[in-house]
Amino acid sequence: MTPEWSRPEKIDTIGEREKPVAIEADAAERAALAKRFGLLSIDRLQADLVVRRDAAGILVTGTVRSAVVQPCSVTGEPVPATVDEPVALRFVEPAAYGTDEEIELSGDTLDTIEIEGGAIDLGEAAAETMALALDPFPRSPNAAAVLKEAGVISEEEARPLGALAGLKAKLEGKG
């Protein structure tokens, strides 16, 4: 299946020298991505990337920028958000055999994606980067009032001592 925002870069055109690649999603691509990611709209989505080959595969670095409108997780009201997210990915050839070995990852390990069909898809990588950078539970300014009206307690009220605050006051009064 071809992603909504596909910008394939053939691996045989990528050398060891850095190759700058700037991509931008058009209106139809943004609308399709908004639907996939459950967003009200994507007003802007672009990526400024640098692609180069290294010993372990193909390295992609750069930045993904977007302006989106998410639905509030409580009220459904529009919540504008922007993304300015650094990208650091390594595309690798598919493993010739599956491995069930556990691999220890260090803090500087890049996210790794398998190369498919002799190309890397910079559009899909940028779209996924944007989606992962968004707040999974955006809240509108009215969310707290709606939650309170529905009887949902705040985090402060839910703290362990919050439930026992009355008991603590009684015990201190008897002391």
Side-chain angles (χ1 to χ4, degrees), residues 1-74 76-140 143:
M1 180 179 115
T2 301
E4 299 88 342
W5 185 31
S6 183
R7 295 296 187 276
E9 190 75 27
K10 293 194 176 288
I11 59 171
D12 59 4
T13 66
I14 301 169
E16 290 181 15
R17 285 194 171 146
E18 292 186 348
K19 177 181 181 181
V21 179
I23 58 176
E24 187 166 354
D26 65 27
E29 292 165 332
R30 292 191 315 267
L33 286 167
K35 183 176 179 180
R36 181 190 354 159
F37 295 128
L39 302 172
L40 300 177
S41 69
I42 300 176
D43 301 321
R44 177 176 51 89
L45 177 55
Q46 63 191 61
D48 294 308
L49 306 169
V50 174
V51 180
R52 73 175 173 85
R53 188 179 299 274
D54 71 3
I58 297 171
L59 183 63
V60 177
T61 57
T63 305
V64 172
R65 292 180 184 87
S66 68
V68 305
V69 180
Q70 298 178 266
C72 172
S73 60
V74 175
E77 295 172 332
V79 178
T82 58
V83 170
D84 190 350
E85 187 71 11
V87 176
L89 303 169
R90 184 176 314 282
F91 288 83
V92 296
E93 292 293 339
Y97 53 90
T99 179
D100 292 332
E101 276 185 49
E102 207 170 292
I103 299 172
E104 188 81 21
L105 299 176
S106 67
D108 61 350
T109 302
L110 302 178
D111 288 332
T112 303
I113 303 170
E114 287 190 350
I115 297 169
E116 294 180 13
I120 60 173
D121 195 335
L122 299 177
E124 179 61 13
E128 289 178 7
T129 298
M130 176 208 64
L132 290 170
L134 292 172
D135 182 347
F137 302 104
R139 296 252 174 120
S140 71

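Values reported hereafter were calculated over all heavy atoms of this structure, with side chains retained and with hydrogens, waters and symmetry mates removed.
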So CH2 of W5 and CD1 of I42: to nearest 0.5 Å the spacing works out to 9.0 Å
I want to check something: taking the side chain as every heavy atom from C-beta on, are L45 and M130 in contact at a cut-off of under 4.5 Å? yes
Q. Would a distance-only check, ignoring hydrogens and angles, find a side-chain to backbone donor-acceptor pair under 3.5 Å from R53 to I58?
A. no
Looking at R139, I'd like to know if its CZ atom is crowded, meaning that more than 12 non-hydrogen atoms belonging to other residues, nucleotides or ligands lie closer than 6.0 Å. no
When every non-hydrogen atom of A127 is compared with those of L33, the smallest separation belongs to CB-CD2, 3.9 Å
- Query: So, the side chain of R30 versus the backbone of A25: is there a donor-acceptor pair under 3.5 Å, distance only?
  - Reply: yes
In this structure, OG of S66 is separated from CG of L134 (nearest 0.5 Å) by 6.0 Å
Minimal heavy-atom distance between V83 and A133, with the atoms involved, is CG1-CB, 3.8 Å
Q) Do the side chain of E4 and the main chain of R36 share a donor and acceptor less than 3.5 angstrom apart? A) no
Exercise for the section: State, with a plain yes or no, whether a side-chain heavy atom of E114 is found less than 4.5 Å away from one of P94. Expected result: yes
* Asked: Is the closest side-chain heavy-atom distance between D43 and V69 below 4.5 Å?
  -> yes
Would you say that I23 contacts D48 through its side chain, given a criterion of any heavy-atom pair below 4.5 Å between the two side chains?
no
Between side-chain atoms of residues 6-13 and protein atoms elsewhere (two or more places apart, or another chain), which donor-acceptor pairs fall under 3.5 Å?
unit_1: S6; atom_1: OG; unit_2: D121; atom_2: OD2; d: 2.8
unit_1: R7; atom_1: NH1; unit_2: E29; atom_2: OE2; d: 2.8
unit_1: R7; atom_1: NH2; unit_2: E24; atom_2: O; d: 3.2
unit_1: R7; atom_1: NH2; unit_2: E29; atom_2: OE1; d: 3.0
unit_1: R7; atom_1: NH2; unit_2: E29; atom_2: OE2; d: 3.3
unit_1: E9; atom_1: OE2; unit_2: K19; atom_2: NZ; d: 2.3
unit_1: T13; atom_1: OG1; unit_2: K10; atom_2: O; d: 2.7

Residues P71 and L39: closest non-hydrogen pair is CD-CA, 4.3 Å
Here the pair of heavy atoms bringing A47 nearest to A126 is CB-CB, 4.0 Å
Tested for side chain to side chain contact (heavy atoms under 4.5 Å, CB included) against V21, the lone hit among I14, L122, V60 is L122
Does the pair R52/E16 count as a salt bridge with the N-to-O cut at 4.0 Å? no
| query | Is there side-chain contact between I120 and V51, with heavy atoms separated by less than 4.5 Å? | reply | yes
Rounded to the nearest 0.5 Å, the OG1 atom of T129 sits from the CD atom of E124 at a distance of 9.5 Å
Show the atom names and distances, to 0.1 Å, of all donor-acceptor pairs under 3.5 Å that link a side chain in residues 85-93 to residues at least two apart or in another chain.
unit_1: R90; atom_1: NH1; unit_2: D54; atom_2: OD1; d: 2.9
unit_1: R90; atom_1: NH1; unit_2: D54; atom_2: OD2; d: 2.4

